[in-house]
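Okay, so here's the structure we're looking at.
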There are 2 protein chains.
Amino acid sequence: MAEPTPPSRQQLVAGAADMIRRRGLNATSIREVAKHAGTPLGSTYHYFPGGKGQLAGEAVRFAGDTVAKVLAKRLRAGPVDGLRAFLALWREILTGTGFRAGCPVLAVSVEEPADDDAVLAVAAEVFTGWEDQLAAALREHGAEPVEAGQLATLVVTATEGAVAVCRAQRATRALDRVAAQLEKLVAAAVEG
Amino acid sequence: MAEPTPPSRQQLVAGAADMIRRRGLNATSIREVAKHAGTPLGSTYHYFPGGKGQLAGEAVRFAGDTVAKVLAKRLRAGPVDGLRAFLALWREILTGTGFRAGCPVLAVSVEEPADDDAVLAVAAEVFTGWEDQLAAALREHGAEPVEAGQLATLVVTATEGAVAVCRAQRATRALDRVAAQLEKLVAAAVEG
DNA sequence: GTCTATACGAAGATAGAC
DNA sequence: GTCTATCTTCGTATAGAC
């Protein structure tokens, strides 16, 4: 890392992540990402020789890491706090954008793994990472290993699914209902 | 309905649904849908004057109704049977296509509601319909109304999320874990 | 080394030939 | 009434000017 990351490069990654979570991967054009970041189109291919695939991969990784950091911090106060932070994070994204933004990791997971399954592999790692964080916290607080793993997966999948359903329904109802169920389950798992 | 539905029209709808669940909405071109159905491009605009938006809307509705019929049939044997059928249905789609196909309703829910929010409205209806079917079955088998609603939403969101996660991870692990948790919850809800 | 201008293909949609 | 051929726009990617 002798080379410091140029600000415009990071802006392109963050901009791509934002656009992907709103429109999906295919509807996100490099042209518009560049325009939104204020950089010319040519610069994009200078920073990302791998083209759209590379940019999308880094965008998904960036979004995944951002969530993982919040999760790591809040899980230190216990699984219930971590869950609440996770849910609040997605709720804020939904309501803060008028239900126009969702999850970029989910977005790339739903579209074609045509020839560019590199992006999909990043998405898989991000999902697994979130699950592992939650499962570890549950185990550390007395949850049974098998139960911890299943519950962690349920939290991630239900939340991701709820974000998509909320976007379609333009209401937080689904996420609120999921939150009620998951909080009950997580609380019960760390007691027993 | 004096006009019988032409076979090619239905093939276009079914083909569009299949392509959307694999590639997503934006990557699904009318050209390729027409080619796959063996009909010329012009015919598509004859059958669907509303263009891609109309075709996509009917495709999502078609997919939603197909699932709803399976759900209605199997829910007559009870909520647990309905849940199992729902999960088995998605599991079969994943494994039967090498994790290349997912849920078309989820796919359109994750992509841009740019100007064509008609498709998104159909997706919302489909999700709500599935939830209502499950919630009604749960209530009829003794589940508390609030619990029934929350649990029905959890089933739909967790399953949809799991389908996406499974696609990314190219494994049924997430869906299997979700199945274990949901079966336990549904069974408990109909007892109490 | 950065950016402008362009090549090339494919998308949605339609006009007009059969 | 059905389909072919085309119009226009926008996508990725690059070649070459500063």
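Chain letters run A, B, ... following the sequence lines, proteins first and then strands; every chain starts at 1.
The environment of CZ in B:R100 is sparse: at most 12 heavy-atom neighbours from other residues, nucleotides or ligands sit within 6.0 Å.
Residues from residues 22-30 of chain A placing a heavy atom under 4.0 Å of any atom in DNA chain D, listed by number, are A:T28, A:S29, A:I30.
Take B:R74 and apply the salt bridge (Lys or Arg N to Asp or Glu O under 4.0 Å) test, not counting sequence neighbours, and it matches no residue.
Distance B:F48 CZ to D:dT2 P: 13 Å, rounded to the nearest Å. Rounded to an integer number of Å, the gap from B:K35 NZ to D:dT4 P is 13 Å. Atom CG in A:L12 sits roughly 13 Å away from atom P in C:dT2 (whole-Å rounding). Separating the CD atom of A:Q54 from the P atom of D:dA13 is a distance of 11 Å, rounded to the nearest angstrom.
Under a 3.5 Å cut-off, the side chain of B:T39 and the backbone N or O of B:S43 do not form any donor-acceptor pair. Panel note: side chain A:E160, backbone A:C103; no donor-acceptor pair is recorded below 3.5 Å. Between the side chain of A:E111 and the main chain of A:L25, a donor-acceptor pair closer than 3.5 Å is present. With hydrogens and angles disregarded, a donor-acceptor distance shorter than 3.5 Å links the side chain of B:T157 to the backbone of B:L154.
Here the side chains of A:V33 and A:T44 are not in contact, with every heavy-atom distance at 4.5 Å or above.
The list of salt bridge (charged side-chain N to carboxylate O under 4.0 Å, His left out) pairs with a residue in residues 174-188 of chain A, not counting sequence neighbours, reads A:R84-A:E183, A:R91-A:D176, A:R177-B:E131, A:K184-B:E147. For residues 37-49 of chain B, the set of pairs meeting the salt bridge (charged side-chain N to carboxylate O under 4.0 Å, His left out) definition, not counting sequence neighbours, is empty.
With respect to B:D65 and B:K69, no salt bridge is recorded, no charged nitrogen being found less than 4.0 Å from a carboxylate O.
Between B:Y45 and C:dA13 there is a side-chain polar atom (N or O) within less than 4.0 angstrom of OP1 or OP2.
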Below 3.5 Å is the cut-off: list the nitrogen or oxygen pairs between protein and nucleotides 3-7 of chain C, distance only.
residue: C:dC3; atom: OP2; partner: A:S43; partner atom: OG; Å: 3.0

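Side-chain heavy atoms closer than 4.5 Å link hydrophobic residues (I, L, V, M, F, W, Y) into clusters, and following such links, possibly through other members, connects A:V178 to B:V165.
Within the helix from C:dG1-D:dC18 to C:dC18-D:dG1, the inter-axis angle between the opening and closing five-pair segments is 10°, rounded to 10°.
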